[in-house]
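Here the structure is laid out as structure tokens; the discussion comes afterwards.
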Amino acid sequence: MNSSLLLGVAIAIAIGCASILLPYFYDRNQGLNEGCSLLPHTHFWLYSKRVLTSGGIMPAAVEINGGHIVSIVHQNKAPKQTKRAHVIDYGNAVIMPGLVDVHVHLNEPGRVEWEGFVTGTKAAAAGGFTTLIDMPLNSFPTTTSKEAFDMKVDAAKGRLFVDVGFWGGLVPENALNNTAIDELLQAGALGLKSFMCPSGINDFGQTNASHIKEALRILAKYQRPLLVHAEIPRPSEDEKTEMDISERRMYSTYLRTRPPSWEEEAIKILIAVSKDTHFDGSKDGAHIHIVHLSDSSVSLDLIKEAKESGARISVETCPHYLVFSAEEISDGDTRFKCAPPIRDVLNRERLWKALKDGHIDMLSSDHSPSSPELKLLEAGDFLRAWGGISSLQFGLPVTWSYGQQHGLQLEQLSELWSQRPAKLAGQQKKGTIVTGNDADIVVWDPENEIQIGENYTIYHKHPITPYTGKHLFGSVITTFVRGNMVYENGSHASTACGVPILAV
Ligand SMILES: NC(=O)NC(NC(N)=O)C(=O)[O-]
Ligand SMILES: [Zn+2]
Ligand SMILES: [Zn+2]
């Protein structure tokens, strides 16, 4: 054997030994990225009597290695601890896919006093959310160009406790400029979002049907969705008269200013446009996603019909439309102000039915906080207060507690919060517990009672929320993002190791 061959054999043996021994040391030395995880292991098993797998809820052990789910074994006992693999036995707690929220406003850069990457993603982790998709407003600049998109991604680096993707913004300034839209999508925007009414932010204008059509043509090429705030304003009699504060404080006044017909009108246009989206003869045309549906009457019927006739349309609703009703909102309590508005009890109950019957595809928080002053809580002025509800951290216990009363099964809840939103965002490796997927997991106790209040730590930047005082079932024990234990019982990992998710 000549010397170079000998050297080659020696190197091969050294590499072989290293690949066997490295995982062992790597494990013992708390993983390569110190601080990312509260668990000093990269190879471990999670066990519980209730694991939500693609085959249903069952006793199972989930093996995680290097951030991925590497095996799922149905068994009635926790696996034995070995030197190489650590085991956590969660007993009767539920192990299920981490939640994916496709509609959050983290407002960074530019409006960190409203929310931020650190506070928002810490709240997400504490609530069992492992992926967020950030809206292109109300950050400054709004995410409507490649430059703004790059700024957003830069601002997010090192500040995320869960993974975060980004929708780009479709506004009149870029809608008819194919190059600008192409650049935004090539920079990594997972899709686009637009408003058909004023957004509340000056640099995020409203789009019309022509803008939307043009954008869909490009989105179809990339197979990415267009998300739309579907309300079209119609002038009302109210606008002609100057209202005094006592009238502006009334919830009924606010409700009257945004009737269901605004949603109907927008949805009709979107359905008409979607008929036109099979560009270049491709059946896999663009996809329209209607955000935060409130009207469960005509708007919902229109969506159902369109879906039945094959339109590529999906729709989300939010916890606040399912939990609250106009009847219970006190005059002046602007914590409840959002757009479209929370409507009456009958509307709410129809939303639940649609959710259960599968006509609403997914849930999202529409977490859209502002600085407390803008909620005008003292004046209680519903017409001038900021529209947006703060809720990200409570999504799971809220929808589980109220969902149970409406006969919603845990498997359904998980589809609504994880599987379908992951699909909308093009994240095939997230949203389900299957071998090969990212180990994005929430472990929680659905029977534990909590109350949103003093003894409950809220990680949002501001604690103002209409959920204060609510008694709920369900507390998050542990959250894993790509195998990193990012949250456990009130503690977060010391380093923010969530990553920006960019479309490729
Ligand atoms: N500019 C906003 O964040 N608006 C949001 N506000 C709500 N929903 O009240 C929204 O999603 O439309
Ligand atoms: Zn909206
Ligand atoms: Zn929103």
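When a ligand or atom number is given, it counts from 1 through the structure's own listing order.
Proximity of the aromatic rings of H105 and H367 is defined here by a centroid distance below 6.0 angstrom, and this criterion is not met. Annotation: F129 is not in aromatic contact with Y487 [ring centroid separation under 6.0 Å not met]. Ring centroids of F336 and Y251 are separated by 6.0 Å or more, keeping the two rings apart.
Both the sub-6.0 Å distance and the 45° axial angle are satisfied by R111 relative to the ring of W114.
Contact check for Y459 versus T119: no side-chain heavy atoms found under the 4.5 Å cut-off. The closest side-chain heavy-atom distance from L396 to M96 is below 4.5 Å. Looking at Y402 and L322, their side chains never come closer than 4.5 Å, going by heavy atoms from C-beta outward.
In summary, of the residues considered (H103, H292, R420), a side chain to side chain donor-acceptor pair (under 3.5 Å) with E316 occurs for H103 alone. Considering N347, V323, I389 in turn, I389 is the only one that fulfils the side chain to side chain contact (heavy atoms under 4.5 Å, CB included) rule with I342.
Protein neighbours of ligand 1 below 4.0 Å, counting non-hydrogen atoms: H103, H105, L137, N138, F195, S199, H229, H292, C338, A339, D366, S368, W386, G387, G388.
Less than 2.8 Å away from the Zn ion (ligand 2), the protein contributes these N/O/S atoms: H229 ND1, H292 NE2.
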